[in-house]
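Chain naming here is simple, since letters A, B, ... match the order of the sequence lines and numbering starts at 1 in each. FYI, side chains are in, hydrogens and waters are out, and symmetry mates aren't considered; it's all heavy atoms of this structure.
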Amino acid sequence: MSSLATSCPDAGRWRAWLDEEPAGPTEELARHLAACPSCERLVHELRHNADVAAMALGGLATTRLPSAADVAAAREQLAAPRHLSPIAPVASFSKEEAPVSTRIVSTRTSTRTMFHRWRLAAGGVAAALALTALAVNPEGQALASRFLGQFRSEQFTVVEVSPQSQQAIQRTLQTLSNFGTVETPRRLNAQNEQNRPAVSLAEASKQVGFQVTEPDAKSLPASVDKTPKIQVMPGAQMRFKFEAAKARAYLQSQGQPNVDLPAKYDGATLVVGIPTAALLQYQAPGTSSREALVIGEAGEVTVGVEGGATLEELRDFMLGLPGLPKETVDQIKSIKDWSNTLPIPVPTDQVKWEKTDINGHPGLLLNDNSGVGSAAIFQAGGHLYGFAGSLKADALLNVARNTDLK
Amino acid sequence: MLNVADPPQQIANPAARFDALFQRFYAELYGLAYRLLGSRTEAEDTLQETFLKLSHAAGLMERPDPEVGAWLRRVCLNLGTNRLRDERRARERLERAGRLDFASSAGDAAGPSTLLLRAEERAAVRQVLLLLPERQRDCLLLRHSGYAYAEIAATLGIAIGSVGVLLARAERSFRDRYQEDVPS
């Protein structure tokens, strides 16, 4: 390596230094910069060019990364890789089919994404809102629970998330598989969820385990049909099993070999239970497309741990993952009654929120920034409720307040 | 730290491996594709094509995740650039026919003239990107999407020590073109 005392670093080395990327001894570079007017001019220009690019390209970024539900929907739309073989590439469609299916996919994806957006604010899917970053798919059969339910959702609190934080959280939690094994429920068949069979109110009540109620029809605005289509989204579990050897190898590869990993964490499994949810979907009259109003009713979200670690210890470990935004971690850590408070992440660039009351039950009211959609989430009698639709907040709350909750 | 020396591992369950790769990389690739294309539908379609190619790439899924990620970014950038070029040609045809539609892909609450201005600015940035040499454009997009030098090097197939040089050139080229084509 040449001495910086006798030769100036090139533009590439200075550019890497500006990004704090590995580029040799940085103290020596800083000393050289302080003593070399030529390099000072070069670094000034490099910094200016970087700022221009950052400003221009920054305006291209999306404000909304795909949620776990969006990813699941996109995966479902991808017809091919159900029959993969390592021996020969196998696809379930021909090359001629692919472009056409892609065009169809884009239309169905938009409708499905819209459907998911309203679902996300409804009933037990309110739990999916809080857990989308953990890639929970709420479909699948409910599995037998073997854990101590150390967490039960009895109330909510908002965790405000900026666009930058959303991206950082998404990327950080996608590295969870480097610390162990993540198991998310799989679909048991290829049936499109929009074609899931409609059931009666009685059948839905039987499947969710409590009496599902409808709002008073008189409270429904004229913009929605009076008779809902009722579907049941089966409950499921997401499991994360911490594996010390895997975690150690990953941390070492990231230049952090000295992170303390207590032995009792090895094999500890975090289990998140998503309850079965009944969805009452009201469409706009005369249309078969987007739902105007969705009401979701579900049991509680539960979280527990199998193995030697406690829930608090695994919670603290996950909050300590590198890359999680400090403001998000601070908000979650400040939740006093965390063992029964469900954090609801709210993207502040897209949604406004306020506390509300539905017949004595405290909840949250969310409005998207376009002003044409709203959602309300609350808990009553041990059940989660969500109302969401293309309604103004007053109209939505009127429907919620005219629903006889058990 | 990327480890490209790992030997291929036989996969017991290729479908599960594909699902895991899809879950891991979809969202970040979406961010990259959206920056290039500015449209959710276009970004989603590009990703569908990208992952379809992965499903055809026998042997690739046996590689470690960082390698597969680099490959996916490469393919996503290539497909996205092709779409952007196709879109530019379509716009030029519409301009000639006097039927250009400035519908904005953003959904904010600004008025029509502000939306139009922002849409024009974003379109101008993307057109400048198209004028850059391929490697410079890709390096710029990757860096300003938050990727580390090691990831950029793996994606572009260059030495990590070359990323700074390429990025410096890319930003210089971008600045020159941007200030020439987009007067402030």
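For B/R175, the CZ atom counts as densely surrounded, since its 6.0 Å shell holds more than 12 non-hydrogen atoms of other residues, nucleotides or ligands. Within a 6.0 Å radius of NZ in A/K246, more than 12 heavy atoms belonging to other residues, nucleotides or ligands are found.
Scanning all heavy atoms of the two residues, the minimum distance from B/A168 to A/L46 falls at CB-CD2, 3.7 Å.
Only the side chain of B/R143 comes within contact range of chain A, with heavy atoms under 4.5 Å apart. Heavy-atom distances place no part of B/L47 under 4.5 Å from chain A, backbone and side chain included.
B/Q48 contributes a side-chain N or O that, together with a main-chain N or O of A/A74, makes up a donor-acceptor pair within less than 3.5 Å. Remark: side-chain polar atoms of B/R35 are paired, donor with acceptor, to backbone N or O of A/L57 under 3.5 angstrom.
Interface remark: of the candidates A/G59, A/G58, A/A50, A/A50 forms the most heavy-atom pairs closer than 4.5 Å to chain B.
Side-chain contact check for A/R75 versus B/D19: some heavy-atom pair is nearer than 4.5 Å. B/Y149 is listed as a side-chain neighbour of A/R15, based on a closest heavy-atom distance under 4.5 Å.
Between the CD atom of A/E21 and the CD1 atom of B/I160 there is a distance of 6.5 Å, given to the nearest 0.5 Å.
Using modelled atom types and a 3.5 Å distance limit, the side chains of B/R172 and A/N49 yield no donor-acceptor pair.
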